[in-house]
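In what follows, chains are A, B, ... by sequence order, proteins preceding strands, each numbered from 1.
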Amino acid sequence: MIIDTPTSPITSGLPLFFVITVTAIKQGYEDWLRHKADNSVNQCPVHEVQHGKVVRKQSRKIRVGDVMLIKENETFPCDLILLSSSRDDGTCFVTTASLDGESSHKTYYAVQDTKAYTTEEEVDSIKAVIECEQPQPDLYKFVGRVNIYMDNEPVARPLGSENLLLRGATLKNTAYIYAVAIYTGMETKMALNYQTKTQKRSAVEKSMNAYLVVYLCILIGKAFINTVLKYVWQADPNQDEPWYNNRTDAEKERHIVIRAFTDFLAYMVLFNYIIPVSMYVTVEMQKFLGSYFIMWDDDMYDKELGESAVVNTSDLNEELGQVEYVFTDKTGTLTENNMEFIECCVDGHVYVPQAICNGQVMPGSDTMDMIDSSPGPRARVTEELFFRALCLCHTVQVKEEETVDGIKHGLHSGRPSSFYISSSPDEVALVEGMKRLGYTYLRLKDSHMEILNREDQVERFELLEVLTFDSVRRRMSVIVRASTGEVYLFCKGADSSIFPRVVSGKVEEVKDRVEHNAVEGLRTLCVAYRALTPEQYEETYKLLNEARLALHDRDRRLAEAYDQIETQLVLLGATAVEDRLQEEAADTVESLHQAGMKVWVLTGDKMETAAATCYASKLFRRGTRVLELTTKRTEEQSLHDALFDLSRTVLRPHRDPSGLGLDPDPVSGLSGECSDFGLIIDGATLSAVLQPGQEASSAGDYKEIFLEICRNCSAVLCCRMAPLQKAQIVKLIKASKEHPITLAIGDGANDVSMILEAHVGIGIMGKEGRQAARNSDYAIPKFKHLKKMLLVHGHYYYIRISELVQYFFYKNVCFIFPQFLYQFFCGFSQQPLYDTAYLTLYNISFTSLPILLYSLMEQHINIDILRKDPTLYRDISKNCLLRWPIFIYWTLLGVYDAMVMFFGAYFLFDNTTFTSNGQMFGNWTFGTLVFTVLVFTVTFKLVLDTHYWTWINHFVIWGSLIFFVVFSLLWGGIIWPFLNYQRMYYVFMQMLSSGPAWLSIILLITAGLLPDVLKKVICRALWPTTTERIQVPRPQPGPATPAFIQRHHQGCVPNLVVSLYV
Amino acid sequence: MMASSYNAKEEDGHITVSGPGTLKSKKPDNTAFKQQRLPAWQPILTAGTVLPAFFVIGLLFIPIGIGLYVTSNNIKEFEIDYTGTEPSSPCYNCSVNFSWNSSRPCSCSLPFTLEQPFESNVFVYYGLSNFYQNHRRYVKSRDDSQLNGNVDSLKSPSKECEPYAHSDDKPIAPCGAIANSMFNDTLELFFMDPNGTRIQIPLTKRGIAWWTDKHVKFRNPGGDNPNLTSVFQGTSKPVNWHRPVSELDSDPENNGFVNEDFIVWMRTAALPTFRKLYRIVQKKSHLVPTLPSGNYTLEVVYNYPVRSFDGRKRMILSTISWMGGKNPFLGLAYITVGAVCFLLGVVLLVIHHKYGSRNNSADIPN
């Protein structure tokens, strides 16, 4: 069956072909890059030990069990078990910067029994069997066992993550190592960690698709109506087939149903332009090109880091303008994560190092200042023990070289030749602080830690065990043997995890100081010790070794062992480290509040510290009424009661508008609520709230009540959160009934889950590595850049893309509706109104560039005003420019314009001539007239909407109109030899030679634009939005005061100021 | 989408390529374009700025409209329907007895009176109603390269011409439905002198088609060969035609494909009710009107059937101004749009004065 198309296949196919080509080129380019990258990985040469010789081969040919030789600065091609290294102690240093961004050098250990095999021949002689667990994605967990056959006697040794070298990590500071491949290819831990990022879609895209469905319905509806009308009209055979217009025999023979169906399809072809195929290309180009403005933004460049913003996903640009909830991490995001040792407290005596200047120690400042009276001799012992404890109880490494690649800590110690490197900035701060107090940690050499004490003597401690830090225990310990032979266990950790294990020491004084410091917003750590008798140490050793050897449940058993060992501690003192707020953090949070966003802080930190940070960053204000939902409270009250109490408190103002007075603090009204509530909740309570309770009825209720409370709080602080809980919270809010747009911002690996969960994930290129930045949609150097990102870029992109979408639908309605109307005048015969070339090029060239440029350049308000006045952000909240009424307005405008164009031309052509020589015009002139009016009207509509006319806009808008005219002249000026019809020959020129045609073009354009101009002007005059008020240049440039202050309702409840922490 | 796919790879730690997401030059250039700070003109449409435009449009459009309307009204137009549907009509017999095969042409004459004299050139049109020249099947049923004088197309017309491409196994020239249904009534005008004599009014048949059509788009095959009969040898005349294309006119300049009546017909009309230029009555002198008022007779040789599809045939006499024929629409539309603009201008003025100041004051905090 041949469908007789009203337009040639090229006409319909060319735009589609164009779209597909552009997309294909883009995808192909990406694919090529990917292919190149794949090749470079797969063919990268590696060295394998075979029969005692080193052989080069391609990395893709590595098999499990191959023994590899890795040299310094090479990247591991697969997961390896370290057999031996060039270093005598069988260790090697590795940087995992490309894995998790931690630039510190981590130490890995060779299997004890094989570390002596340091040549190819020796390594080749090893006979061993390695048992290991199934590949699993956790980077930091690995259990395995190696059975080494020495003299045919198998010796079993445990393997842990300290033996496992991960693919992607790089060997450093070690000349070479031998290692055996255990996981290769897609079974490596890194490959298992490939996150198939779910495609995030913006709200704009969703509305776009909804509109598309509407238009599809319109298209089908139009085609259907026309088909039905055609057959009604054709019921009279003289209409159907008058003598002058017969069908061919083949057509006559066709069955009526098939004819009707082909007619329907023909209508679909004729009207298909109403579905703007080219919109998708334009939107994609706009997003892709537009994202460069974020990367180019000088204001988002950070000199310290030498980084500017990075766009990982350009799909979400406009979503930045729609954010309603901001979830932020505290450490490293709100705060700098640039730790600074502030003070320490030993038995209640406070020590403060002098001369701190931006985290750098002034030379010659190794004196200390004692606030309290000098301690007695007993205290002196404790003091020395305390300092030594801090010098020993850590995992800090000393980097000797001056150049440490990738390290931006800027830690210049007194001697520029050594750096402290650690994955935890707190530890570096502590060791640095100790240095300033006189105790310098020198190095770890042959399992001996060396300390330079205040008398410039080197003390050596043998490092026996390290009980590493984990976030569950929240403490770490070391067991050392002093040169005198005494064995000590030093433990440092969070106060809550230390105090219960303390048996003696000045607990009360230290506790007071810790609380005091926590309220100040300082990070506190407590230090304790325990002297071990040799027997105790033996016992400890055995306990640890057993746990370490376990193949199953090793982690649990280790945790149990640690738990047994870290008891009966003697409290030494506490330290306080300041994590300063990032610059302009408070200002940014305030702006976000003013912009109508709710800011939530999700942190693993303890409540007091987090709350203090929140006050400092103006998340909670003086006037904020802070509600608590913490374990402390739920111990007193059942969760149920607590929740209901809170919801009553929060909801009262709405139910009882008979306020007692006026809001004492008008600023707090900025949140949009009458009174400003803040909520503090901790992880434990949160999981209780979210837990599906035993009583099925109440579980959902809790969630709902909790959400209700949260909705009414402008700021929420969630402390003691596990990484997964962060994501849970985001998910909870995302799924709540308003489906708000969420944004998560964080810098650490623990924020990745929430960054991936939120609608928009923003990573901060912080100290805790690049993992967050890499998994995010956008990465920015500092928290303060969020302000410009959202308020300026987000706002612009939203305005731009919404206009783009609406305009595209509008211009296609204008384009196709006349064609639809024409069917009523051509016997429903699917006669196209416009010439093929016009049909093809309308969307591709005549009207495509102006809107693209608009959507890249438009600035309805100045950048500076947008930044100064965050409340403008509210004007575009809730996807307000793509709501149905606005969409319907645009569509109706399109229909109106189409009617004006079509009927204007119709009445002009109606049975008369409009040339001065009496000659008549035909149907192609009619179409060309409509089309000319169409192109000009549609372009001028954009002209009316453009608020920012750079030379580029001028060039493109006037250029595309000129192009249309030139093209039309050319298209009609020549008998094109390759065309089988010459219907456009001289049509355009003949039209231009007619005075009435000019007059009617001017008239129709004016009439078409009139209602839109009128609507704009009247709306602006009578119901101006905040944006529109700002746009009008005022005579006195007063402060851009937010207009919503006038919107305040009466009946605000007085703000009960509950200052908990101020 | 693009950038994210790079990054998925980048987690390998091996990647060296830089996608758009990972610009290597870290410090952004501080150019006005990149910082989105290009100098720009930032117009705002407010009541204040739009007001003058509205008044200007109003003041411009209304006079233009009045001018157009007056011009249109000064144009004299006379229209007579000669379809012959009513039995009283002189052409009734011709229309009823119409048969394709009748060898004898049927004639009828319609008397009419011009109340006012027609000055300057008078254009004679024929008008058809309910005739779908814009039907898709009809519009495309032609072969432009045949009409352009292409000999290959003359011998094997395009299949778009079906079912009017071949007759008696010979290619039809000109092929297609449009050519086949060419209007072939003959209209003649006679002035009935008060003294009883019938004076035939001379009608010019040149200059009715577009110059470019006659001289470029339509060409006879065989170049300048004046012997059209031999040129069109081997082709068949369109089924409904009485004469072959080579005998359309005695004037060799106006014969074959370049016959102006034919070219006029070949320009398909936009709407089902249309008129086409038939003849021109040239103005003779300044003293005598081209068509003085009085009685006239329209002599019709009735060849063209329209009753089968409820069509109508008309003869129109019209004078022409610079803006073409009689068309009050453009003038009225101009007046309307101008008046609306003017009125809106007044409304906006009121709004501007009433609310314009309010808006500004609203921004001052209380």
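Qualifying side chain to side chain contact (heavy atoms under 4.5 Å, CB included) partners for S181(B), counting only residues two or more places apart in sequence or in other chains: W243(A), Y244(A), F131(B), Y138(B), W265(B), Y304(B). Qualifying disulfide bond (SG atoms under 2.5 Å apart) partners for C341(B), counting only residues two or more places apart in sequence or in other chains: none.
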Criterion side chain to side chain contact (heavy atoms under 4.5 Å, CB included) on Q36(B) and W296(A), from CA distance to verdict: CA-CA 9 Å; Q36(B) 305 195 61; W296(A) 284 335; over 6 Å; no
Audit row: I1002(A), Y334(B), side chain to side chain contact (heavy atoms under 4.5 Å, CB included) steps and yes/no: CA-CA 10 Å; I1002(A) 293 167; Y334(B) 259 94; 3.9 Å; yes
Stepwise side chain to side chain contact (heavy atoms under 4.5 Å, CB included) check, I320(B) with T915(A): CA-CA 8 Å; I320(B) 291 280; T915(A) 52; over 6 Å; no
From CA spacing to verdict: side chain to side chain contact (heavy atoms under 4.5 Å, CB included), N862(A), Q42(B): CA-CA 9 Å; N862(A) 230 313; Q42(B) 291 167 282; 4.2 Å; yes
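Of the possible donor and acceptor atoms, one in the side chain of Y822(A) sits under 3.5 Å from a partner among the backbone N and O of A270(B). For the pair Q859(A) (side chain) and R37(B) (backbone), a donor-acceptor distance under 3.5 Å is absent. Although no hydrogens or angles enter the test, the distance criterion places no donor-acceptor pair under 3.5 Å between the side chain of K1016(A) and the main chain of L45(B). The closest donor-acceptor contact from the side chain of Q35(B) to the backbone of D298(A) lies under 3.5 Å. In this structure, N134(B) contributes its side chain and F825(A) its backbone to a donor-acceptor pair below 3.5 Å.
Heavy atoms closer than 4.5 Å to chain B are found in both the backbone and the side chain of Y906(A). Interface remark: T946(A) contributes backbone atoms only to the contact with chain B (heavy atom separation under 4.5 Å). For chain B, no part of F828(A) is nearby; none of its heavy atoms comes within less than 4.5 Å. Both the backbone and the side chain of N130(B) come within less than 4.5 Å of a heavy atom of chain A. Neither the backbone nor the side chain of M989(A) comes within contact range of chain B; no heavy atom of the residue lies under 4.5 Å from a heavy atom of that chain. At a 4.5 Å heavy-atom cutoff, the contact between Q239(A) and chain B is made by side-chain atoms alone. Both the backbone and the side chain of L944(A) come within contact range of chain B, with heavy atoms under 4.5 Å apart.
Counting all heavy atoms, side chain and backbone alike, N245(A) lies closest to R137(B) at O-NH2, 3.1 Å. Residue D144(B) comes nearest to N980(A) through the heavy atom pair CB-O, 4.0 Å, listed as atom of the first residue, atom of the second, then distance. Taking every heavy atom of both residues into account, R136(B) and P832(A) meet most closely at CD-CD, 4.3 Å. The shortest non-hydrogen separation linking G827(A) to Y132(B) is N-CE2, 3.3 Å.
Under the 6.0 Å cut-off for aromatic ring centres, W210(B) and F921(A) qualify, their centroids lying closer than that.
To the nearest 0.5 Å, atoms CG (D29(B)) and OG (S308(A)) are separated by 10.0 Å.
Contacts with chain B were tallied for D236(A), D249(A), N917(A), D302(A); N917(A) has the most, counting heavy-atom pairs under 4.5 Å.
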